[in-house]
Amino acid sequence: MDARRTVKISKYLAKHLRHRPERIGLTLDAGGWARVPDLLDAAARHGFPITRDELEHVVAVNDKRRYALDGDRIRAVQGHSIEVDLDLPVVAPPALLYHGTPERSVESIRREGLRRMDRHAVHLSADPETARRVGARRGTPAVLVVEAGRMAADGHEFRVSANGVWLAGAVPPEYLR
Ligand code: HQG
């Protein structure tokens, strides 16, 4: 499959597994899982036919391993704006985590801390390079350092998605550098 088709399918999956399943009449369970046959039917009915092989290929080669296939079910492993319970265990984070954001957001973040905005969690990266790429999606990137170890010691919970994205409910400004 060519790279353009792969990206197109990945974006289609992100839209309907993270944000708007109802747009194609798809129902996700509490954990965010869709039945694969339901997804393929729904996509075909809405003018975007995908084969099972294509789906498996996209999940396997996805640059950020955004999707999990488990038998006949599929879900996005993070990044949802709809309510889901990914049922991830609380884990101890490394001392430092990183958050990439466009420069124009830094002032407000210093004031308010990191908020989850439209998503179910604040997304943090394990290394500054990844954070820089996240921030660069929307402008000149700035990388904030999060004192995750100190936050955890103070009782804040961290989880990590199957693709290595660290998730927190919020990051108060006193933990940011
Ligand atoms: C910002 C992509 C002002 C925050 C990436 C971010 C990631 C504030 C934006 C994943 C703020 C929300 C998530 C505050 C937070 N004032 N701005 N108090 N608090 N923000 O897209 O982290 O390719 O929801 O800095 O790689 O950018 O989709 O979050 O700029 O892992 O798989 O509000 O999306 O992954 O934006 O990106 P987002 P994000 P995928």
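Just so it is clear, the structure is predicted and the values come from calculations on it, not from any experiment. Both counts, for ligands and for their atoms, begin at 1 and track the order of listing.
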Exercise. Please write down residue, atom name and distance for the protein heavy atom closest to atom 7 (C) of ligand 1.
Key: His123 ND1, 3.8 Å

Self-check item: Protein heavy-atom partner closest to atom 19 (N) of ligand 1 - residue, atom, separation in Å
Solution: Arg115 N, 3.0 Å

Quiz item: Is Glu22 salt-bridged to Arg20, going by a charged N under 4.0 Å from an acidic O?
Solution: yes

Exercise. Name the closest protein heavy atom to atom 18 (N) of ligand 1, giving the residue it belongs to and the distance to 0.1 Å.
Key: Glu112 OE1, 2.7 Å

Quiz item: Hey, does the Lys NZ or Arg CZ of Arg73 hover above the aromatic six-ring of Tyr67, less than 6.0 Å from the centre and inside 45° of the axis?
Solution: no

Quiz item: Between His99 (side chain) and Ala131 (backbone), is there a donor-acceptor pair under 3.5 Å?
Solution: no

Quiz prompt | Closest approach of any protein heavy atom to atom 35 (O) of ligand 1, naming residue and atom | solution = Lys64 NZ, 3.0 Å

Practice problem: Flag yes if more than 12 heavy atoms outside Asp70 fall under 6.0 Å of its CG atom; otherwise flag no. | Solution: yes

Practice problem: Give the residue, atom name and distance (to 0.1 Å) of the protein heavy atom nearest atom 39 (P) of ligand 1. | Solution: Arg137 NH1, 3.7 Å

Quiz item: Can you tell me which residue and heavy atom of the protein come closest to atom 11 (C) of ligand 1, and the distance to 0.1 Å?
Solution: Ile109 CG1, 3.5 Å

Quiz item: Is the closest heavy-atom distance from Asp118 to ligand 1 below 4.0 Å?
Solution: no

Exercise. For Arg18 and ligand 1, answer yes if some heavy atom of the residue is under 4.0 Å from a ligand atom, otherwise no.
Key: yes

Exercise. Assess whether side-chain contact (heavy atoms from CB on, under 4.5 Å) is satisfied between Asn163 and Gln78, documenting all intermediate values.
Key: CA-CA 8 Å; Asn163 64 344; Gln78 40 77 218; 2.9 Å; yes

Exercise. Report the relative orientation of the aromatic rings in Phe158 and Trp166; use parallel for angles under 30°, tilted for 30 to 60°, perpendicular for over 60°.
Key: perpendicular

Exercise. For Thr101, counting its heavy atoms only, list the atoms of ligand 1 lying under 4.0 Å from any of them.
Key: 4 (C), 25 (O), 30 (O)

Quiz item: If you round to the nearest 0.5 Å, how far is CG of Leu124 from CG of Leu144?
Solution: 10.0 Å

Quiz item: How far does CG of Leu96 sit from CZ of Arg150, to the nearest 0.5 angstrom?
Solution: 10.5 Å

Quiz item: How close does the nearest protein non-hydrogen atom get to atom 6 (C) of ligand 1, and which residue and atom is it?
Solution: Arg138 NH1, 3.9 Å

Quiz prompt | Nitrogen or oxygen of Arg116 less than 3.5 angstrom from that of ligand 1 | solution = no

Quiz item: Is it true that Gly113 lies under 4.0 Å from ligand 1, counting heavy atoms only?
Solution: yes

Quiz item: His99: heavy atom below 4.0 Å from ligand 1, yes or no?
Solution: yes

Practice problem: Apply side-chain contact (heavy atoms from CB on, under 4.5 Å) to the pair His80 and Leu86, showing each step before the final yes or no. | Solution: CA-CA 10 Å; His80 301 77; Leu86 295 173; 3.7 Å; yes

Self-check item: CD (Glu107) with more than 12 external heavy atoms under 6.0 Å
Solution: no

Practice problem: Distance to 0.1 Å, residue and atom name: give those for the protein heavy atom nearest to atom 29 (O) of ligand 1. | Solution: Arg119 NE, 3.9 Å

Quiz item: Going by the atom numbers of ligand 1, which of them fall below 4.0 Å from some non-hydrogen atom of Pro102?
Solution: 30 (O)

